[in-house]
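The structure appears below as structure tokens.
So you know, we letter chains A, B, ... as the sequences are listed, proteins then strands, and number each from 1.
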Protein chains: 2
Amino acid sequence: MRSDAARSTRAIIEAAERVLSANPAASLEQIAEAAGVARTTVHRRFAGREALLRTMGAQAWAQIRDAVAEIVQDAAPPMVAWHRATTAVLAVKHGWTFALTHIDEADAETLAVIGEVTAITDTFLLRARDAGLLRPEADLEWVRRVYMALISESVHGQAEHGDADATRVLDTLLRGFGA
Amino acid sequence: MRSDAARSTRAIIEAAERVLSANPAASLEQIAEAAGVARTTVHRRFAGREALLRTMGAQAWAQIRDAVAEIVQDAAPPMVAWHRATTAVLAVKHGWTFALTHIDEADAETLAVIGEVTAITDTFLLRARDAGLLRPEADLEWVRRVYMALISESVHGQAEHGDADATRVLDTLLRGFGA
DNA sequence: ATCAACTGAAACAACGATGTTGCATGTTCG
DNA sequence: CGAACATGCAACATCGTTGTTTCAGTTGAT
């Protein structure tokens, strides 16, 4: 692919994320306009709406996987590594609100990536439990679901996000709000 | 409205919830078929797709409000009342997955009901904090958002739901998973 | 029983989104 | 430079959804 074509592709994907996160039913026309290209160009770069969405989902999940994968390499104490990974994931999720929530049909490759993310997370949760961070009797699948839900909720309608968000998420997850 | 018309209206709304929760982009045709009526009947009972969605949202939120309102009257200790209300909300949410999540445009009336729900919840959270159930420094808006996110997550893909779900939600909210 | 209300069915118009083609004009890259 | 590639633009065909109308037949209320 030539460099200008690559530029168009990137512009379209970024515009799609912007437009669709505001209005999930937006047309390719609106996306093209936001990207500063003609609608025909969108059809040249992507076979159709579905193909565009699948590509977006693939890219977004790949970034989530990269963010999560750091935690495996991280030699720091679990709590420190967890905080770092959470911050990274929050950043990705903030930039891919639509792609990570409103896309259901994913290709096999993306499903594999999602599986990777789940696996890495579950492995880490086991490690965290062994390290005494989590109560031994905690249902790790439920922990993972709550963790992801907290991350989603944390990103909602938030213009800015910083280190404090990861702290809040983990504090909520581990301590709750009880006295 | 005659009784048969009322029956049609109910059948359409119930079918819409069923069909749209499986496929948010489903057509009125599909909804009509699932409801066992002709598409024209859908148009007779509702001005259009938007009107149908607004009606669904209004009904669903009204039920949520009723479920939450109990907590105000409930003379039992806060924790008991909270558990009861959570169970009721989970039941409603379970039956209105689509209406309570995928509808953004609500009429003024529904917005008022949503406001009621938020107000009642916030009032109760204050009461819970005063009763020593929540840490004094807890950010109550964040508590409310997490509470609602936990309820949503709890309902996800769950065919059955019982008393244990409310217990799990409140346990997670108050204690978290930390050791 | 009677009348108004409701329904299903079929046909139709209108609309927007999608997808395709052809062609002239730019742009990239060897 | 020049060939291959990429783009914008306009035009067109197609498709599914929505919305409306008409009418004959059914159902509900008093």
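- Listed nucleotides: C/dG19, C/dT7, D/dT17. Nearest to the side chain of B/Gln30: D/dT17.
- Atom C1' of nucleotide C/dC15 and atom CZ of B/Arg49 are separated by 15 Å, given to the nearest angstrom.
- Against DNA chain C, the stretch residues 36-48 of chain A makes heavy-atom approaches under 4.0 Å through A/Arg39, A/Thr40, A/His43, A/Arg44, A/Gly48.
- When the shell of 6.0 Å around CD of B/Gln158 is examined, it contains more than 12 heavy atoms from other residues, nucleotides or ligands.
- Protein atom CD of A/Glu29 is 13 Å distant from nucleotide atom C1' of C/dG19, rounded to whole Å.
- No donor-acceptor pair closer than 3.5 Å links the side chain of A/Arg129 to the backbone N or O of A/Arg135.
- For C/dC6, the OP1/OP2 oxygens have no side-chain nitrogen or oxygen of B/Ser8 closer than 4.0 Å.
- Summarising the geometry, the separation between CG on B/Leu20 and P on D/dT17 is reported as 13 Å, rounded to the nearest angstrom.
- The nearest whole Å value for the distance from the CG atom in B/Leu28 to the P atom in D/dT18 is 4 Å.
- In plain terms, the two heavy atoms of B/Arg54 and B/Thr110 that are nearest each other are O-OG1, 4.5 Å.
- Without hydrogens or angle criteria, A/Glu14 side chain to A/Ala35 main chain gives no donor-acceptor distance under 3.5 Å.
- Whole-Å rounding puts the B/Glu33 CD to C/dG8 C1' distance at 14 Å.
- When the shell of 6.0 Å around CD of B/Gln30 is examined, it contains more than 12 heavy atoms from other residues, nucleotides or ligands.
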### Task
Summarise protein proximity over nucleotides 24-30 of chain C in one line of letters, 5' to 3': B for base, S for sugar-phosphate only, - for none, counting protein heavy atoms closer than 4.0 Å.
--BBBS-
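- More than 12 heavy atoms of other residues, nucleotides or ligands sit less than 6.0 Å from atom CD of B/Glu137.
- Side-chain atoms of B/His83 and B/Thr167 form a donor-acceptor pair, as typed in the model, at a separation below 3.5 Å.
- Donor-acceptor pairing under 3.5 Å is recorded for the side chains of B/Trp142 and A/Thr172.
- Atom CD in A/Glu50 sits roughly 15 Å away from atom C1' in D/dG16 (whole-Å rounding).
- Between A/Trp82 and A/Tyr147, the ring center distance clears the sub-6.0 Å criterion.
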